[in-house]
Engineer: 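Below you will find the structure I want to go over with you.
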Amino acid sequence: MSVQTLAAWLRCPNCFLDLFEVTDAPSAVLGCASGHRFDVNRRGYVTLLPPRSKVVGDSPEMLDAREALLASGAYAPIRDALIAAVRPAAPTRVLDSGTGTGWYLHGLLDALGSGARGLASDLSPVAVARAARGRPEIDGLVADVHAPLPVRAGVADAVTVVFAPRNAAEFARVLRPGGLLAIVTPRADHLAELRERSGMLDVPAGKAEALTVDLDLWFSPASSEHVRYALPVDEARARQLVGMGPSARHAAAASALTSTAGALPPAVTVSVDVLAFTRR
Ligand SMILES: C[S@@+](CC[C@H](N)C(=O)[O-])C[C@H]1O[C@@H](n2cnc3c(N)ncnc32)[C@H](O)[C@@H]1O
Ligand SMILES: [Zn+2]
């Protein structure tokens, strides 16, 4: 990232004017024409939360669990399906919303080749720092997806959202006409064997259908793939799967898993939809 490449994505969270590099500041600073100023962190990101925001993103422990699971290749088929859905659109500017450790964005940018740039956005500063680390083609943004995004209109060729919260109206605004929105969302049977044992949160049935209705105002369906496979698990992997999800905040989930560890199945079902939509 550079201050210029970061600024090119962004608008002011207070007054919505474009952000630019403030060149007469002693450190890296972004500013708007109204005079609002934002420090750029040395770890490669800027925090643009609305005033008095109280929401929190994933904790470092959840990120550690996810990083370990993803590094093991457990979800490689999901990343491959995401790349297959996005690559034909040949985007050069990709916003990954709720990026986590950036594992999907890294794979996608590697597949798209030189010239492609990414904006790694998440509510968790620790997540964004990890996603941007050692990746000059990635700019980092700490923002709340449920607030108006501090991202310029029409600046993205593609938006990706993997297991993360969505804001259809804002994704529509930041995508250029003809741009691609790619979403990975779990099905009701995703990790069902672990859910039964650990009290992990259920996936509401009919999620993918509800989603399509939600997006209907701005998007047309482009492609859809159901990725389903058996993932071998041992106790360490089961812990990572529980620890990286939203249920990890409930201490009961981890202890329930411990008490039934002997009864772990040899494999769990991975079942997700990889859906792509075109911005009209
Ligand atoms: C289940 S994780 C998925 C992370 C990553 N896409 C992956 O699959 O590895 C959900 C992510 O969304 C982020 N998140 C939660 N609420 C958010 C919000 N309101 N705005 C932006 N990000 C949010 C969390 O911090 C977390 O990194
Ligand atoms: Zn401003």
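Just follow the structure's listing: the first ligand is 1, and inside any ligand the first atom is 1.
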Engineer: Linking I/L/V/M/F/W/Y whenever their side-chain heavy atoms sit closer than 4.5 Å, directly or via other members, would Val86 and Leu105 fall into one cluster?
Structural biologist: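 Linked within one cluster.
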Engineer: Can you tell me which residue and heavy atom of the protein come closest to atom 2 (S) of ligand 1, and the distance to 0.1 Å?
Structural biologist: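 Of every protein heavy atom, Arg66 NH2, 3.2 Å lies nearest to atom 2 (S) of ligand 1.
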Engineer: Evaluate the criterion side chain to side chain donor-acceptor pair (under 3.5 Å) for residue pair Arg66 and Thr101; output intermediate values, then yes/no.
Structural biologist: CA-CA 8 Å; Arg66 183 168 305 116; Thr101 58; over 6 Å; no
Engineer: Would you say Phe163 touches ligand 1, if touching means a heavy atom closer than 4.0 Å?
Structural biologist: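 For ligand 1, residue contact (heavy atoms, under 4.0 Å) with Phe163 is present.
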Engineer: May I ask you to identify the nearest protein heavy atom to atom 20 (N) of ligand 1, giving residue, atom name and distance to one decimal place in Å?
Structural biologist: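 Going by distance alone, atom 20 (N) of ligand 1 is nearest to Val145 N, 2.9 Å.
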Engineer: Does Leu63 have a heavy atom less than 4.0 Å from any atom of ligand 1?
Structural biologist: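 False for this residue.
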Engineer: If you measure from atom 14 (N) of ligand 1 to every heavy atom of Ala120, Ala147, Pro165, Pro125, which option wins on shortest distance?
Structural biologist: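 When every heavy atom of Ala120, Ala147, Pro165, Pro125 is considered, Pro165 comes closest to atom 14 (N) of ligand 1.
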Engineer: Report the relative orientation of the aromatic rings in Phe163 and Tyr104; use parallel for angles under 30°, tilted for 30 to 60°, perpendicular for over 60°.
Structural biologist: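 The rings of Phe163 and Tyr104 stand perpendicular, inter-plane angle above 60°.
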Engineer: Check each atom of ligand 1 against the heavy atoms of Leu70 and keep those under 4.0 Å away; list them by number with element.
Structural biologist: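 Heavy-atom distances to Leu70 below 4.0 Å select 9 (O).
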Engineer: What closest approach, in Å, do Ala116 and Leu109 show between heavy atoms, and which atom pair accounts for it?
Structural biologist: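 Heavy atoms of Ala116 and Leu109 come nearest at CB-CD2, 3.9 Å.
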Engineer: Could you tell me which atoms of ligand 1, counted from 1 in the order shown, lie closer than 4.0 angstrom to a heavy atom of His146?
Structural biologist: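 In order of number, 19 (N).
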Engineer: Using a 4.0 Å cut-off to any heavy atom of Gly57, which atoms of ligand 1 qualify?
Structural biologist: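 Selected atoms, number and element: 25 (O).
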Engineer: Which protein non-hydrogen atom lies closest to atom 23 (C) of ligand 1, naming both residue and atom, and how far is it?
Structural biologist: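 Here the closest protein heavy atom is Leu123 CB, 3.7 Å.
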Engineer: Which heavy atom of Cys15 sits nearest a heavy atom of His36, and at what distance?
Structural biologist: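 In this case the closest contact between Cys15 and His36 is SG-ND1, 3.7 Å.
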Engineer: About how large, to 10 degrees, is the angle SG of Cys15, then the Zn ion (ligand 2), then ND1 of His36?
Structural biologist: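 It is 120°, given to the nearest 10°.
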Engineer: Where does Thr99 meet ligand 1, judged by heavy-atom distances below 4.0 Å: at the side chain, the backbone, both, or neither?
Structural biologist: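 The part of Thr99 near ligand 1 is the backbone, not the side chain.
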Engineer: Identify, by atom number and element, the atoms of ligand 1 in contact range of Val162, meaning under 4.0 Å from any of its heavy atoms.
Structural biologist: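 Every atom of ligand 1 under 4.0 Å from some heavy atom of Val162: 3 (C), 5 (C), 6 (N), 8 (O).
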Engineer: If every non-hydrogen atom of Ala84 is compared with every non-hydrogen atom of Pro88, which pair is closest and at what distance?
Structural biologist: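 Reported closest heavy-atom pair: O-CD, 3.1 Å.
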Engineer: Kindly confirm or rule out an N or O of Gly98 lying under 3.5 angstrom from an N or O of ligand 1.
Structural biologist: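 For ligand 1, there is an N or O atom that lies under 3.5 Å from one belonging to Gly98.
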Engineer: Taking only Lys NZ, Arg NE, NH1 and NH2, and the carboxylate oxygens of Asp or Glu, determine whether Asp214 and Arg166 approach each other closer than 4.0 Å.
Structural biologist: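 Salt bridge absent between Asp214 and Arg166.
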Engineer: Looking at Asp189 and Ser271, what are the two nearest heavy atoms and their distance?
Structural biologist: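 Answer, listing the atom of Asp189 first, then Ser271: OD1-OG, 2.6 Å.
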Engineer: Among side-chain atoms of Thr185 and Asp273, is any donor-acceptor pair under 3.5 angstrom?
Structural biologist: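 No - no donor-acceptor pair under 3.5 Å links their side chains.
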Engineer: Do any heavy atoms of Val55 fall under 4.0 Å from ligand 1?
Structural biologist: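 Distance cut 4.0 Å: Val55 fails for ligand 1.
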Engineer: Please note down the angle at the Zn ion (ligand 2) between SG of Cys32 and SG of Cys12, to the nearest 10°.
Structural biologist: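 About 120°, to the nearest ten degrees.
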Engineer: Is the closest heavy atom of Ala143 to ligand 1 under 4.0 Å?
Structural biologist: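 Flag set, Ala143 near ligand 1.
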Engineer: Going by distance alone, is a donor N or O of one side chain under 3.5 Å from an acceptor N or O of the other, for Asp96 and Thr160?
Structural biologist: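 Present: a donor and an acceptor within the cut-off.
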Engineer: Are Asp64 and Arg130 ion-paired here, with the side-chain N under 4.0 Å from a carboxylate O?
Structural biologist: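 The answer is yes: the pair qualifies as a salt bridge.
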Engineer: Quick one: look up the protein heavy atom nearest atom 19 (N) of ligand 1 and list residue, atom name and how far away it is.
Structural biologist: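 Protein heavy atom with the smallest distance to atom 19 (N) of ligand 1: Asp144 OD1, 2.7 Å.
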Engineer: Does a salt bridge link Arg239 with Glu235, judged by any charged N lying under 4.0 Å from a carboxylate O?
Structural biologist: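 Judged by the 4.0 Å cut-off on N to carboxylate O distance, Arg239 and Glu235 do form a salt bridge.
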Engineer: For atom 8 (O) of ligand 1, what is the nearest protein heavy atom, given as residue, atom name and distance?
Structural biologist: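 Among all protein heavy atoms, the one nearest atom 8 (O) of ligand 1 is Tyr104 CE1, 3.3 Å.
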Engineer: Please state which option from Leu141, Leu149, Val184, Asp122 has its nearest heavy atom closest to atom 13 (C) of ligand 1.
Structural biologist: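 Minimum heavy-atom distance to atom 13 (C) of ligand 1 goes to Asp122.
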